[in-house]
Amino acid sequence: VLPMSLDTQPATACKLYPYPRDFRSLTFPSLDGTPLAGRLALHGDDKPRPGLVFCHGVFGSKNQDYIRSIAVKAFRDWDYNVLALDTRGFGESRYLSGAMVTGGWKEGEDVRAAARYLGSFAQVTTVGVSGYSMGAAGSMIAAGMDGGEHITGGVLAWNGTAEARGMISHISKFPMPWQPFFLMYPVFKACLVLKLRGWEGYSHLNDFTGMFTAACEAYGTDEDETYLKASPASYVADIRIPTVHIHAKDDPIVPVREAELNLQARGNNPNFEVWILKR
């Protein structure tokens, strides 16, 4: 909860859990030119190695420990070249532009851009992606859009979404006390208010539905079309990159039904699998 809260403010964003010196700070453009912040670690011996992109969830950043700890482990223990990014509107990327978040659509472009950047280094042989929650949605969407152009390895999507309209409605409504989201709802609400308070043109918004509508206006897109673009279920049947959606039955934020919807939507696509775990 603390890093989620700190990351909503410019003075404290990405200050908790700093990266070791192996990781250098950088900025790079998304596919639409939006500037993004990241942390890059390349092995200095020019030995060919695979690369791995890490993408956080909503109210997350590359500096939250569930991203930072595994990114450092992937570099130091597993021998990957690594890029951890902040998608538009989050972490340090929030203060590089006024680009609005979209729940997965434009974040998918951000993931592809990170894969393109990491893959541009001669010592990087292939590029895979590991995304979490909203970042998992963006990673699955990126897999569907990319077709192996920049994401040349595979995709691990942890507890991602399937259908954006239902998911945004779910986290916008006050849950009943017996629902798993009940304890996390006040945290999400507080983070949303803190995040939007200093965001020019968006401080009047008070829920995720309103924020998504604002995103449609910002990008000049129809709301129904944008919900489809932000829904991994719209892409999974056509994914041509080895992709796995891994989901825990006891996730209190993203219901397991999202994984079940993606399983239904994939059809007979052999490149996309869903693993549902007990916890």
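Between the side chains of Ser130 and Tyr132, a donor-acceptor pair is found at a separation under 3.5 Å. Glu223 and Thr213 share a donor-acceptor pair across their side chains, judged by distance under 3.5 Å alone. Asp32 and Thr34 are linked by a side-chain donor-acceptor pair at a separation below 3.5 angstrom, with hydrogens and angles left out of the test. Remark: the Asn81 side chain and the Gln123 side chain contain no N/O donor-acceptor pair separated by less than 3.5 Å.
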(message) Please evaluate residues Thr243 and Glu273 with respect to the criterion side chain to side chain donor-acceptor pair (under 3.5 Å), reporting the C-alpha separation (whole Å), side-chain torsions for both, the decisive distance (0.1 Å), and the verdict.
(response) CA-CA 6 Å; Thr243 301; Glu273 295 188 22; over 6 Å; no

(request) Would you check, one step at a time, whether the test ring pair (Phe, Tyr, Trp, His ring centres under 6.0 Å) holds for Phe75 with Tyr80? (result) CA-CA 5 Å; Phe75 176 72; Tyr80 281 92; over 10 Å; no

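Minimum heavy-atom separation, Ala143 to Val155: CB-CG2, 4.0 Å. Listed here is the closest heavy atom pair of Thr126 and Thr152: CA-OG1, 3.3 Å. When every heavy atom of Cys55 is checked against every heavy atom of Thr87, the shortest pair comes out as SG-CG2, 3.5 Å.
Classification of the Tyr19-Phe23 ring pair by plane angle, with boundaries at 30° and 60°, yields tilted.
Residues His170 and Arg257 have side chains in contact (heavy-atom distance under 4.5 Å, counting atoms from C-beta outward). Contact check for Val274 versus His247: no side-chain heavy atoms found under the 4.5 Å cut-off. Between Val72 and Arg68, the closest side-chain pair of non-hydrogen atoms falls below 4.5 Å. With a 4.5 Å cut-off on side-chain heavy atoms, Leu96 and Thr27 count as touching. Between Thr221 and Trp105, some side-chain heavy-atom pair lies under the 4.5 Å cut-off.
At least one cation-pi condition fails for Arg49 and Trp78: the charged atom is not both under 6.0 angstrom from the six-membered ring centre and inside a 45 degree cone around its axis.
Look at Asp224 and Arg165 and you find a salt bridge, because one of the NZ, NE, NH1 or NH2 atoms lies within 4.0 Å of a carboxylate O, short of that distance. Comment: Arg76 engages Asp22 in a salt bridge, judged by a side-chain N to carboxylate O separation of less than 4.0 angstrom.
Pairs engaging residues 188-203 under the salt bridge (Lys or Arg N to Asp or Glu O under 4.0 Å) rule: none recorded [sequence neighbours left out]. Within the structure, every pair that satisfies the salt bridge (Lys or Arg N to Asp or Glu O under 4.0 Å) test and touches residues 109-134, not counting sequence neighbours, is listed here: Arg88-Asp110, Lys106-Glu109, Arg112-Asp146, Arg112-Glu149.
Atom CG of Leu194 is separated from atom OG1 of Thr8 by 4.5 Å, given to the nearest 0.5 angstrom.
The aromatic ring centroids of Phe212 and Tyr227 lie less than 6.0 Å from each other.
Taking the side-chain hydrogen bond (donor to acceptor under 3.5 Å, both in side chains) definition, one finds that Asp238 meets it with nothing, sequence neighbours left out.
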